*Asks:* 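I am attaching a structure below and will ask some questions about it afterwards.
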Amino acid sequence: MLQQTPVVRVEPAWRAWLERWPTPADLAAASTADVLRAWDRLGYPRRALRLQECARALVERHGGAVPDDETALRALPGVGEYTAAAVRAFAFGRRSVVVDTNVRRVLARAVGGVALPAPHPTAAERATATAVVPADDAEAAAWAAASMELGALVCTARSPRCGECPVRDLCAWRRAGFPDDEHAHRRRTQAWHGTDRQCRGRILAVLRAAHAPVAHEELDGAGTDDAQVERCLGSLVVDGLVARRPDGRYALPTG
DNA sequence: AAATCGGGGAT
DNA sequence: ATCCCAGATTT
């Protein structure tokens, strides 16, 4: 849930989710339509599918438990480099290199001396992150939490609270005089209005609200034109987020 | 390496 | 209007 979605928006959904499906086995047994409705508008609904697939994989491969080793974690649906490292550190107290958007920013500033990290993670970044993680399991886990919190609460993207920063005296960005972001000109703001993402979101919103299959005409307003709605319906079906019934109507996938 | 994939709160 | 968010997956 936290992959690209702010904590404040995730927390209530997460609590309700765990109350409804306390264990991987519970989520594995749920209907996918119910899962997508519970996901509501957290965004990137494919993550909801991956999460349920992950629960089913945990049941089938790991007896319903979460594994603690890197390889097994990375093999789970929806679990990438960050999530595997985060689970190892926060769930198991093991050493791992946890590099999320917050940590990237902290290291870019404190170590790299620049305002913001590159648009996409680089090998050099990971090398730096690895080098600064303590060797001890417990210390490394604490480091992961601390570096993320520092980025989330103090070393923020917009208005960093440098006056309250515990490491301001060793911050390379501060020492350099807070230079502006060097690749600000290359940053490309993601479009939204009229995009397929918006159209897909609208289609799913209709299907979440409907508790009976929906006719194609009821989805006409979801996009800028018929071709877009058609294209998005197709991609949603391919993604497994929408099911096309034999009668031509659409619904959230059962299963 | 680049594209794609949501949505909302803050500025 | 733009920015930004505890990224992953596919091409």
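A note on names: the letters A, B, ... follow the listed sequences, proteins ahead of strands, and every chain is numbered from 1. Here the structure is a predicted model, which is why all the values come from computation and not from measurement. FYI, side chains are in, hydrogens and waters are out, and symmetry mates aren't considered; it's all heavy atoms of this structure.
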*Asks:* Which is true for A:R158 with a 4.0 Å heavy-atom rule: it touches a base, it touches only sugar-phosphate, or it touches nothing?
*Replies:* base
*Asks:* Taking only residues two or more places apart in sequence, or in another chain, which ones meet A:E125 in a side-chain hydrogen bond (donor to acceptor under 3.5 Å, both in side chains)?
*Replies:*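 A:E125: side-chain hydrogen bond (donor to acceptor under 3.5 Å, both in side chains) contacts with A:R104.
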*Asks:* Map A:R50 and A:M148 onto DNA chain C by nearest heavy atom, then report which one ends up closer to the 5' terminus.
*Replies:* A:M148
*Asks:* Please walk me through it: do A:D196 and A:R231 pass salt bridge (Lys or Arg N to Asp or Glu O under 4.0 Å)?
*Replies:* CA-CA 8 Å; A:D196 282 6; A:R231 179 173 67 249; 2.8 Å; yes
*Asks:* At 4.0 Å (heavy atoms only), tell me whether A:V79 reaches a base, stays on the sugar-phosphate, or touches nothing.
*Replies:*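 The residue A:V79 makes sugar-phosphate contact but no base contact.
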*Asks:* Does the B:dC5 base have a donor-acceptor partner in the side chain of A:R47 within less than 3.5 Å?
*Replies:*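 Flag unset: no donor-acceptor pair detected.
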*Asks:* Measure the spacing between CZ of A:R50 and OG1 of A:T83 and express it to the nearest 0.5 Å.
*Replies:*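 Here the interatomic distance stands at 13.5 Å.
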*Asks:* Taking the nucleotide of DNA chain C with the nearest heavy atom to each, does A:V7 or A:R74 sit closer to the 5' end?
*Replies:* A:V7
*Asks:* The side chain of A:W192 lies closest to which of these nucleotides: B:dC5, C:dA8, B:dG7?
*Replies:*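 Selected nucleotide (nearest to the side chain): B:dG7.
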*Asks:* State the OG1-OH distance between A:T101 and A:Y82, to the nearest 0.5 angstrom.
*Replies:* 10.5 Å
*Asks:* For the side chain of A:R41, counting heavy atoms from C-beta on, which of C:dA8, B:dG8, B:dG6 is nearest?
*Replies:* B:dG8
*Asks:* Base, sugar-phosphate, or nothing: which does A:T101 touch, judged by heavy atoms less than 4.0 Å apart?
*Replies:*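 A:T101: backbone/sugar contact only, no base atoms under 4.0 Å.
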*Asks:* The side chain of A:R197 is closest to which nucleotide in this list: C:dG7, C:dA6, B:dG6?
*Replies:* B:dG6
*Asks:* Taking only the P atom of each, what is the distance from C:dA6 to B:dT11 in whole angstrom?
*Replies:*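 Nearest-Å result for C:dA6 against B:dT11 at atom P: 14 Å.
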*Asks:* Provide the distance between the two P atoms, one in B:dG8 and one in C:dA8, to the nearest whole Å.
*Replies:*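 To the nearest whole Å, 22 Å.
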*Asks:* Quick check: any donor-acceptor pair below 3.5 Å linking the side-chain of A:R9 to the base of B:dG9?
*Replies:*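 For A:R9, whose side chain was compared with the base of B:dG9, there is no donor-acceptor pair (under 3.5 Å).
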*Asks:* Which of the following nucleotides, C:dA6, B:dG7, B:dC5, is nearest to the side chain of A:L2?
*Replies:* C:dA6
*Asks:* Base, sugar-phosphate or nothing for A:G80? Non-hydrogen atoms, less than 4.0 Å.
*Replies:*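 Here A:G80 touches the backbone only, sparing every base.
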